[in-house]
Peer 1: 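So that we are looking at the same thing, I have put the structure below in structure tokens.
All values below come from the heavy atoms of this structure, side chains included, with hydrogens, waters and symmetry mates left out.
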Amino acid sequence: MKIDRRIIWIGLGILTWGIGYLLKVNPYFTEVAYSRGLFNLFRQVYDFTLGWLPIPMLYIAVPALLLWIGWRIKKMPPFKTWRWRRVFLNTLSFFSIIYVLFYWIWGFNYYRRPIAKQLGLPKLVQNEQALVDEYKMVTEELIATRALISPDTLALSETFLPANLESSLRGALE
């Protein structure tokens with residue numbers, strides 16, 4: 001007996017939705033099992049494969065997806081011969097694939113405990129004047145920093161960037 005792969009993806013979508021519900025009601029379990037467990041595995045695989053690409057993955061994924069959709073549309077039979085059950089299953093399967101991949105690769109992180117609660121940070125209450133003062137201070141710093149850059153270009157030279165920027169950012173992130 002052969003099982004239709006569309007039904008498998010739809011089933012995985014329903015299973016993912018159920019797991020998401022369980023993770024949502026238990027943020028601590030989400031933190032331990034997914035965020036500090038399975039997600040770290042996905043992250044390591046990504047960092048040492050696709051993470052080395054010199055361009056954002058989006059620039060590859062979107063055109064590839066559009067080409068695949070175009071190819072599928074070209075292969076489609078004429079409208080009058082459509083079998084609506086098949087169209088419905090294909091559409092539902094397509095969206096299930098996107099849903100499953102998004103949630104397993106990243107989306108379950110939305111169910112974590114908020115970082116402010118994890119670190120025990122106090123809730124900040126900002127008034128309008130404090131926000132205006134911060135805006136003015138940052139604006140003055142940006143104007144002073146911009147004055148250091150050559151006026152004939154918008155590009156920053158390497159002298160404005162710290163050495164080993166990516167390594168220092170990854171270390172700071174950890």
Peer 1: With rounding to the nearest 0.5 Å, note down the distance linking CE in M57 to CG in L53.
Peer 2: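 Taking CE in M57 and CG in L53, the distance rounds to 6.5 Å.
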Peer 1: Is a donor from one side chain sitting under 3.5 angstrom from an acceptor on the other, for R112 and T30?
Peer 2: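 T30 and R112 do not have a side-chain donor-acceptor pair below 3.5 Å.
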Peer 1: Out of curiosity, F108 CZ to L23 CG, how far, rounded to the nearest 0.5 Å?
Peer 2: 5.5 Å
Peer 1: Do W17 and Y103 have ring centres separated by under 6.0 Å?
Peer 2: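 Aromatic pair excluded; centres sit 6.0 Å or further apart.
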Peer 1: Does R36 offer a backbone N or O that forms a donor-acceptor pair with the side chain of E31 under 3.5 Å?
Peer 2: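 Between the backbone of R36 and the side chain of E31 there is no qualifying donor-acceptor contact (under 3.5 Å).
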Peer 1: Working to the nearest 0.5 angstrom, can you tell me the gap between I8 CD1 and I3 CD1?
Peer 2: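 One finds 5.5 Å between CD1 of I8 and CD1 of I3.
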Peer 1: Would one find more than 12 heavy atoms of other residues, nucleotides or ligands at under 6.0 Å from atom CG of L41?
Peer 2: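 Yes, enclosed.
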Peer 1: How far apart are the closest heavy atoms of I10 and S96, and which atoms are they?
Peer 2: CA-OG, 3.6 Å
Peer 1: Could you give the distance from CD (Q118) to OG (S35), rounded to the nearest 0.5 Å?
Peer 2: 8.0 Å
Peer 1: When you measure from the side chain of W52 to the backbone N and O of D47, does any donor-acceptor pair fall under 3.5 Å?
Peer 2: yes
Peer 1: To the nearest 0.5 angstrom, please state how far the CG atom of L12 sits from the CZ atom of R5.
Peer 2: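 Spacing of CG (L12) from CZ (R5) equals 13.5 Å.
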Peer 1: Check Y111 against G20 and note the closest heavy-atom contact, atom names and distance.
Peer 2: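 Nearest heavy atoms, Y111 then G20: CE1-O, 3.5 Å.
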Peer 1: Take T139 and Y135 through the side chain to side chain contact (heavy atoms under 4.5 Å, CB included) test and state the conclusion after the steps.
Peer 2: CA-CA 6 Å; T139 302; Y135 171 78; 3.8 Å; yes
Peer 1: For F95, I'd like to know if atom CZ has over 12 heavy atoms of other residues, nucleotides or ligands within 6.0 Å.
Peer 2: no
Peer 1: Are K136 and E140 close enough for a salt bridge, meaning some N to O gap below 4.0 Å?
Peer 2: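 No, no charged N to carboxylate O under 4.0 Å.
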Peer 1: Okay, side chain of N127, backbone of A130: is any donor-acceptor separation there less than 3.5 Å?
Peer 2: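 Here the side-chain-to-backbone pair exists.
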Peer 1: Are F29 and F42 co-members of a hydrophobic cluster defined by side-chain heavy atoms under 4.5 Å apart?
Peer 2: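 In one cluster with F42: F29, yes.
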Peer 1: Of all the heavy-atom pairs spanning W9 and I97, show the shortest one and how long it is.
Peer 2: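 Residues W9 and I97, closest heavy atoms: CD2-CG1, 3.3 Å.
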Peer 1: Looking only at side-chain N and O atoms, does Q44 offer a donor or acceptor that is under 3.5 Å from a partner on N40?
Peer 2: no
Peer 1: Distance-only, no hydrogens or angles: does the Y34 side chain make a donor-acceptor pair with backbone N or O of W104 under 3.5 Å?
Peer 2: yes
Peer 1: May I ask you to test the W71-L67 pair for a side-chain heavy-atom distance under 4.5 Å?
Peer 2: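 Heavy-atom side-chain distance check fails, nothing below 4.5 Å.
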Peer 1: Measure the spacing between OH of Y28 and CG of N26 and express it to the nearest 0.5 Å.
Peer 2: 9.5 Å
